[in-house]
Engineer: 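Encoded as structure tokens, here's the structure I'll be asking about.
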Amino acid sequence: MDKLKADLLAQVQAADSLQALDEVRVAALGKKGAITAQMKNLGGLEPEQRKAAGQALNAIKDDVAAAIEAKKTAMADAELNAKLLAEKIDVTLPTRPEREGFIHPISQTIEEVVAILGEMGFEVAEGPEIEDDWYNFTALNIPEDHPARQEHDTFYLPGVGEKGRKVLRTHTSPVQIRTMMHSKPPLRIIAPGRTYRCDYDATHSPMFHQIEGLVVDETTHMGHLKGCLIDFCRAFFGVDELPVRFRPSYFPFTEPSAEVDIGCSRKGGEFKIGHGEDWLEILGCGMVNGKVLENCGIDSTKYQGFAFGIGIERLAMLKYGIPDLRTFYESDLRWLRHYGFQALDVPSMVGGLNQ
Ligand code: PHE
């Protein structure tokens with residue numbers, strides 16, 4: 001018995017792989033194994049001897065099984081240690097370059113404009129891009145036969161809505177109407193969004209973006225309009241003393257109306273915003289026409305307001321030196337990598353951009 005035990009334990013120790021260890025297990029404890037064979041011999045012994053020999057064999061069986069388990073664990077540990085050593089990670093290696101996405105200059109510009117006007121107390125409002133004729137034109141004091149309709153190069157759609165023919169909105173001004181019809185003054189909203197006109201060249205695209213502004217209150221006057229827009233232009237372009245000029249103009253929905261120009265110079269083919277001998281138009285504005293207030297159910301003897309409409313592409317082209325408007329929509333990744341913005345370049349309130 002002692003010899004059997006010593007032999008089997010020696011075999012366990014000698015096994016140098018999990019497979020060899022398993023072979024030892026089968027040879028010792030399996031159905032045809034050495035211990036099993038001894039067990040079978042017990043039948044020929046006297047009862048007293050049989051009991052003692054049986055106990056001894058069982059003890060050997062347990063010892064061998066325990067030795068096999070211990071050896072298995074030790075082997076697994078050794079294997080893991082070897083693996084850990086071999087697969088060590090070098091955390092000092094440089095990372096693999098990752099392609100980052102970019103914010104489109106249109107999105108960036110909208111964010112900047114909203115940040116500046118938001119700081120002044122404007123709230124963002126929205127309206128549908130597919131509008132009814134009445135909201136896009138009639139309520140804005142542009143009746144059916146008005147020449148301004150031709151200027152808008154409207155895309156008409158087949159359907160007819162509750163308030164007239166369906167059109168792709170030609171400006172964001174219908175959001176003024178929706179706001180005045182659905183909420184009571186005082187009002188102070190901005191409405192950024194897509195607008196559509198049938199027009200296409202280096203400075204026009206059939207789809208473009210505007211941001212509308214509307215303020216209506218009992219004491220709102222032209223001084224508020226001027227102050228608000230002068231502050232806006234200076235903050236957006238980041239030029240404190242930027243010259244801003246209000247030039248008389250005409251829009252059916254504002255009276256009086258003006259176009260706003262900013263000072264610039266074009267000396268030697270180089271364009272610069274700020275001081276200079278030239279002017280560049282950037283937005284349209286005016287005091288809300290009393291007829292428009294009345295069309296929306298607002299008492300024009302009690303309330304007055306101002307409105308403005310800014311072309312986003314125009315602002316983006318000027319601020320970021322983008323020469324051709326059509327490139328905004330070509331989805332050229334090289335262009336976006338050049339003119340785009342990092343996702344974390346959150347617009348700041350001062351100057352409109354923290355670069
Ligand atoms: N809706 C006008 C346009 O698209 C701009 C504008 C808005 C003018 C508000 C005055 C007031 O040209």
Side-chain angles (χ1 to χ4, degrees), residues 110 113-114 117 120 122 124-129 131-143 146-155 167-180 187-199 203-217 220-222 224-230 232-233 244-262 280-293 295-296 298 300 303-315 325:
I110 291 175
V113 173
V114 169
L117 294 172
M120 290 184 193
F122 285 88
V124 173
E126 282 184 317
E129 289 171 32
E131 262 299 5
D132 292 2
D133 187 293
W134 189 82
Y135 289 103
N136 194 78
F137 293 119
T138 316
L140 285 159
N141 195 35
I142 314 176
H146 199 286
R149 288 216 179 197
Q150 269 98 64
E151 278 163 36
H152 277 214
D153 300 309
T154 313
F155 285 112
V167 301
L168 287 179
R169 67 178 180 193
T170 58
H171 49 180
T172 42
S173 300
V175 185
Q176 286 189 37
I177 303 301
R178 290 182 177 272
T179 304
M180 289 192 274
L187 301 170
R188 195 179 285 195
I189 60 107
I190 45 177
R194 293 198 177 109
T195 48
Y196 302 83
R197 288 183 204 178
C198 188
D199 207 351
T203 51
H204 296 91
S205 149
M207 188 279 294
F208 58 105
H209 297 75
Q210 289 190 337
I211 188 158
E212 193 79 10
L214 173 71
V215 174
V216 179
D217 207 342
T220 307
H221 57 69
M222 190 99 188
H224 296 134
L225 162 71
K226 290 186 72 176
C228 168
L229 291 176
I230 291 170
F232 166 75
C233 292
V244 180
R245 172 171 90 171
F246 288 74
R247 186 165 34 78
S249 185
Y250 173 77
F251 298 103
F253 34 93
T254 47
E255 184 58 38
S257 302
E259 270 164 326
V260 172
D261 301 333
I262 55 170
L280 194 86
E281 179 202 323
I282 61 157
L283 62 92
C285 62
M287 300 305 294
V288 180
N289 192 320
K291 286 188 198 156
V292 175
L293 293 173
N295 287 343
C296 301
I298 293 178
S300 63
Y303 290 102
Q304 43 189 2
F306 70 81
F308 55 90
I310 312 173
I312 295 292
E313 280 78 356
R314 187 90 201 243
L315 290 189
L325 181 137

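Quick note: residue numbers are just sequence positions, from 1. Start at 1 and go down the list; that is how both ligands and their atoms are numbered.
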Engineer: To the nearest 0.5 angstrom, please state how far the OG1 atom of Thr172 sits from the CD1 atom of Ile310.
Structural biologist: 9.0 Å

Engineer: Can you sort out which atoms of ligand 1 are near Ser173, meaning under 4.0 Å from one of its heavy atoms?
Structural biologist: 1 (N), 7 (C)

Engineer: Would you kindly specify which portion of Phe308 sits under 4.0 Å from ligand 1, judged on non-hydrogen atoms: side chain, backbone, both or neither?
Structural biologist: backbone

Engineer: For the residue pair His146 and Tyr250, categorise the inter-ring angle as parallel (less than 30°), tilted (30 to 60°) or perpendicular (more than 60°).
Structural biologist: parallel

Engineer: Within 45° of the axis and under 6.0 Å from the centre of the six-membered ring of Phe208, does NZ or CZ of Arg197 qualify?
Structural biologist: no

Engineer: For atom 5 (C) of ligand 1, which protein heavy atom lies nearest, and how many Å away is it?
Structural biologist: Gly309 CA, 4.0 Å

Engineer: What atoms of ligand 1 come closer than 4.0 angstrom to any heavy atom of Gln176?
Structural biologist: 9 (C)

Engineer: So how far is it from Asn136 CG to Glu131 CD, rounded to the nearest 0.5 Å?
Structural biologist: 6.5 Å

Engineer: Examine the proximity of ligand 1 to Arg197 and report which part, side chain or backbone, both or neither, has a heavy atom under 4.0 Å away.
Structural biologist: side chain

Engineer: Looking at OG1 of Thr154 and OH of Tyr196, how far apart are the two atoms once the value is rounded to the nearest 0.5 Å?
Structural biologist: 14.0 Å

Engineer: To the nearest 0.5 Å, how far apart are CG in Leu168 and CE in Met207?
Structural biologist: 11.0 Å

Engineer: Which of the atoms in ligand 1, numbered in the order shown and given with their element, are less than 4.0 Å from a heavy-atom of Gly284?
Structural biologist: 6 (C), 8 (C), 10 (C)

Engineer: With a heavy-atom distance limit of 4.0 Å, tell me whether Cys285 approaches ligand 1 through its side chain, its backbone, both, or neither.
Structural biologist: backbone

Engineer: How long is the span from the OG atom in Ser173 to the OH atom in Tyr135, to the nearest 0.5 Å?
Structural biologist: 15.0 Å

Engineer: Kindly identify the option in Glu259, His171, Arg169, Glu212 whose heavy atom sits closest to atom 9 (C) of ligand 1.
Structural biologist: Glu212

Engineer: N/O of Gln210 under 3.5 Å from N/O of ligand 1, yes or no?
Structural biologist: yes

Engineer: Near Phe253, which atoms of ligand 1 are under 4.0 Å from a heavy atom of that residue?
Structural biologist: 1 (N), 2 (C), 6 (C), 7 (C), 8 (C), 9 (C), 10 (C), 11 (C)

